[in-house]
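Since the model is a prediction, treat every value here as computed from it, not as a measurement. FYI, side chains are in, hydrogens and waters are out, and symmetry mates aren't considered; it's all heavy atoms of this structure.
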Amino acid sequence: EGKKEVRKKVRDVINRDVQTITRETLVGEIVSIMKEKRLGKLPVLDGDQIVGVVTRDDILVKQGKSPVPPVIAFWEIMIALPNSKGFKEKMKKFISFKAEDIMEKDFYTADIDADLEGVVSEMLDKGYNYALVLENEKLVGIVTKSDLINKCY
(Lines give C-alpha, C1' and ligand atoms only; values in the text may rest on other atoms or scores of the structure.)
Protein backbone atom coordinates (compact mmCIF):
# COMPACT_ATOMS: atom_id res chain seq x y z
CA GLU A 1 0.00 0.00 0.00
CA GLY A 2 1.23 3.51 -0.78
CA LYS A 3 4.13 2.32 -2.94
CA LYS A 4 4.83 5.10 -5.42
CA GLU A 5 5.24 4.01 -8.99
CA VAL A 6 8.54 5.25 -10.34
CA ARG A 7 7.90 6.95 -13.64
CA LYS A 8 10.60 6.76 -16.24
CA LYS A 9 12.22 9.99 -17.29
CA VAL A 10 13.87 10.82 -20.58
CA ARG A 11 17.24 10.47 -18.82
CA ASP A 12 16.52 6.75 -18.25
CA VAL A 13 16.57 5.97 -21.96
CA ILE A 14 18.82 8.67 -23.37
CA ASN A 15 21.48 7.71 -25.86
CA ARG A 16 24.31 10.11 -25.11
CA ASP A 17 26.32 8.97 -28.07
CA VAL A 18 24.93 11.63 -30.34
CA GLN A 19 26.97 12.65 -33.34
CA THR A 20 26.49 16.22 -34.53
CA ILE A 21 27.44 18.07 -37.68
CA THR A 22 27.50 21.75 -38.67
CA ARG A 23 25.63 23.66 -41.38
CA GLU A 24 28.76 23.36 -43.52
CA THR A 25 29.18 19.58 -43.34
CA LEU A 26 29.10 18.20 -46.88
CA VAL A 27 26.60 15.53 -47.90
CA GLY A 28 29.45 13.21 -48.90
CA GLU A 29 30.77 13.36 -45.35
CA ILE A 30 27.31 12.99 -43.84
CA VAL A 31 26.84 9.76 -45.79
CA SER A 32 30.19 8.44 -44.54
CA ILE A 33 29.32 9.24 -40.91
CA MET A 34 25.90 7.60 -41.23
CA LYS A 35 27.36 4.48 -42.79
CA GLU A 36 30.34 4.15 -40.51
CA LYS A 37 28.48 4.82 -37.26
CA ARG A 38 25.17 3.32 -38.39
CA LEU A 39 23.26 6.47 -37.54
CA GLY A 40 20.09 7.63 -39.22
CA LYS A 41 19.88 11.09 -37.68
CA LEU A 42 22.46 13.83 -37.28
CA PRO A 43 21.57 17.03 -35.43
CA VAL A 44 23.01 20.15 -37.05
CA LEU A 45 24.54 22.60 -34.58
CA ASP A 46 25.45 26.23 -34.94
CA GLY A 47 27.66 26.80 -31.91
CA ASP A 48 25.62 24.91 -29.37
CA GLN A 49 22.22 25.77 -30.85
CA ILE A 50 20.39 23.04 -32.74
CA VAL A 51 19.39 24.48 -36.10
CA GLY A 52 18.23 21.34 -37.85
CA VAL A 53 18.51 17.61 -38.31
CA VAL A 54 19.64 15.58 -41.29
CA THR A 55 18.02 12.16 -41.47
CA ARG A 56 18.81 9.27 -43.73
CA ASP A 57 15.50 9.93 -45.49
CA ASP A 58 16.55 13.48 -46.31
CA ILE A 59 19.40 12.06 -48.30
CA LEU A 60 17.38 9.33 -49.95
CA VAL A 61 14.33 11.37 -50.86
CA LYS A 62 15.24 15.01 -50.98
CA GLN A 63 12.89 15.79 -53.82
CA GLY A 64 14.35 18.16 -56.32
CA LYS A 65 17.58 18.54 -54.40
CA SER A 66 19.27 15.32 -55.33
CA PRO A 67 19.56 14.72 -59.03
CA VAL A 68 19.70 10.96 -58.53
CA PRO A 69 17.67 9.95 -55.46
CA PRO A 70 18.50 6.24 -55.52
CA VAL A 71 22.21 6.93 -55.53
CA ILE A 72 22.76 6.57 -51.80
CA ALA A 73 20.86 3.33 -51.70
CA PHE A 74 23.41 2.04 -54.16
CA TRP A 75 26.31 3.72 -52.40
CA GLU A 76 28.13 0.41 -51.95
CA ILE A 77 27.94 -0.41 -55.65
CA MET A 78 28.11 3.04 -57.07
CA ILE A 79 30.77 1.97 -59.54
CA ALA A 80 28.20 -0.24 -61.20
CA LEU A 81 25.95 2.73 -61.87
CA PRO A 82 25.92 4.69 -65.12
CA ASN A 83 29.38 5.85 -65.95
CA SER A 84 28.30 8.76 -68.04
CA LYS A 85 29.83 12.18 -67.61
CA GLY A 86 26.41 13.63 -66.74
CA PHE A 87 25.97 11.19 -63.90
CA LYS A 88 29.42 11.92 -62.49
CA GLU A 89 28.76 15.65 -62.65
CA LYS A 90 25.47 15.26 -60.82
CA MET A 91 27.08 13.05 -58.20
CA LYS A 92 29.81 15.59 -57.61
CA LYS A 93 27.23 18.30 -57.24
CA PHE A 94 25.07 16.19 -54.96
CA ILE A 95 27.77 15.24 -52.48
CA SER A 96 28.92 18.84 -52.33
CA PHE A 97 25.57 20.00 -50.96
CA LYS A 98 25.87 21.14 -47.36
CA ALA A 99 23.88 20.01 -44.35
CA GLU A 100 21.99 23.31 -44.38
CA ASP A 101 20.79 22.60 -47.93
CA ILE A 102 19.03 19.37 -46.98
CA MET A 103 18.38 19.54 -43.22
CA GLU A 104 14.93 19.59 -41.72
CA LYS A 105 14.42 22.72 -39.68
CA ASP A 106 11.50 21.12 -37.94
CA PHE A 107 12.61 18.78 -35.15
CA TYR A 108 11.43 17.60 -31.78
CA THR A 109 13.27 18.30 -28.53
CA ALA A 110 12.61 17.07 -25.02
CA ASP A 111 14.09 18.00 -21.67
CA ILE A 112 16.22 15.32 -20.01
CA ASP A 113 14.04 15.45 -16.89
CA ALA A 114 10.75 15.25 -18.76
CA ASP A 115 8.36 12.43 -18.08
CA LEU A 116 9.07 9.74 -20.65
CA GLU A 117 5.45 8.82 -21.19
CA GLY A 118 4.55 12.38 -22.13
CA VAL A 119 7.46 12.65 -24.51
CA VAL A 120 6.63 9.35 -26.19
CA SER A 121 2.99 10.26 -26.70
CA GLU A 122 3.99 13.61 -28.12
CA MET A 123 6.45 11.93 -30.48
CA LEU A 124 3.66 9.65 -31.68
CA ASP A 125 1.18 12.51 -31.97
CA LYS A 126 3.52 14.64 -34.01
CA GLY A 127 4.93 11.80 -36.06
CA TYR A 128 8.55 12.03 -34.88
CA ASN A 129 10.57 8.89 -34.44
CA TYR A 130 13.18 10.54 -32.26
CA ALA A 131 13.58 13.30 -29.69
CA LEU A 132 16.67 15.44 -29.29
CA VAL A 133 17.39 15.64 -25.58
CA LEU A 134 18.29 18.96 -23.98
CA GLU A 135 19.77 19.72 -20.59
CA ASN A 136 20.01 23.42 -19.74
CA GLU A 137 19.08 24.07 -23.38
CA LYS A 138 22.15 22.22 -24.66
CA LEU A 139 21.99 19.03 -26.70
CA VAL A 140 23.08 16.07 -24.55
CA GLY A 141 21.68 13.10 -26.44
CA ILE A 142 18.93 11.58 -28.48
CA VAL A 143 16.11 9.14 -27.89
CA THR A 144 15.01 7.12 -30.89
CA LYS A 145 12.17 4.65 -31.29
CA SER A 146 14.66 1.80 -31.19
CA ASP A 147 16.17 3.14 -27.94
CA LEU A 148 12.70 3.10 -26.46
CA ILE A 149 12.00 -0.44 -27.57
CA ASN A 150 15.38 -1.68 -26.33
CA LYS A 151 15.26 0.03 -22.97
CA CYS A 152 11.62 -0.21 -22.02
CA TYR A 153 10.55 -3.68 -22.99
- Checking side chain to side chain contact (heavy atoms under 4.5 Å, CB included) for the pair Ile33/Leu42: CA distance, chi angles, key distance, verdict? CA-CA 9 Å; Ile33 294 170; Leu42 299 176; 4.1 Å; yes
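- Among all heavy-atom pairs drawn from Ile112 and Lys9, the shortest one is O-CB, 4.3 Å.
- Going from atom CZ of Arg38 over to atom CZ of Arg56 covers 9.0 Å, rounded to the nearest 0.5 Å.
- Under the rule for a salt bridge (charged side-chain N to carboxylate O under 4.0 Å, His left out), Lys105 has no partner lying at least two apart in sequence or in another chain.
- In this structure, Leu124 CG and Lys126 NZ are separated by 12.0 Å, a value rounded to the nearest 0.5 Å.
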- Task: Carefully, step by step, assess Leu45 and Val51 under the rule side chain to side chain contact (heavy atoms under 4.5 Å, CB included).
- Result: CA-CA 6 Å; Leu45 296 190; Val51 290; over 6 Å; no
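- Annotation: side chain of Ser96 is not in contact with side chain of Val27 (no heavy-atom distance under 4.5 Å).
- Considering CG of Asp115 and CD of Glu122, their distance stands at 12.0 Å, rounded to 0.5 Å.
- The salt bridge (charged side-chain N to carboxylate O under 4.0 Å, His left out) search around Asp113 returns Arg11, not counting sequence neighbours.
- Phe107 and Val53 make their closest contact through CB-CG2, 3.6 Å (heavy atoms, listed as atom of the first residue, atom of the second, distance).
- With rounding to the nearest 0.5 Å, the separation of CD in Glu36 from CD in Glu29 is 10.5 Å.
- A side chain to side chain contact (heavy atoms under 4.5 Å, CB included) with Thr25 is found for exactly one of Thr20, Ile30, Val54, Val44, namely Ile30.
- Considering CE of Met34 and OG1 of Thr55, their distance stands at 6.5 Å, rounded to 0.5 Å.
- With sequence neighbours left out, Leu26 forms a side-chain contact (heavy atoms from CB on, under 4.5 Å) with Lys98.
- To the nearest 0.5 angstrom, Tyr108 atom OH is 9.0 Å from Asp125 atom CG.
- Residues meeting the side chain to side chain donor-acceptor pair (under 3.5 Å) test with Asn15, sequence neighbours left out: none.
- Under the side chain to side chain donor-acceptor pair (under 3.5 Å) criterion, Ser146 pairs with Thr144, not counting sequence neighbours.
- Closest non-hydrogen pair, Ile14 versus Gly141, comes out as CD1-CA, 3.8 Å.
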Taking only distance into account, with no hydrogens and no angle test, what donor-acceptor pairs under 3.5 Å do side-chain atoms of residues 128-137 form with protein atoms, sequence neighbours excluded?
from, atom 1, to, atom 2, distance (Å)
Tyr128, OH, Asp106, OD1, 2.5
Tyr128, OH, Asp106, OD2, 3.0

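- Judged purely by atom type and a 3.5 angstrom limit, Arg23 has no side-chain atom pairing as donor or acceptor with the backbone of Ala99.
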- Message: With salt bridge (Lys or Arg N to Asp or Glu O under 4.0 Å) as the criterion, how do Glu117 and Arg7 come out once you've worked through the C-alpha distance, each side chain's angles and the decisive distance to 0.1 Å?
- Response: CA-CA 8 Å; Glu117 210 173 298; Arg7 294 178 73 97; 3.4 Å; yes
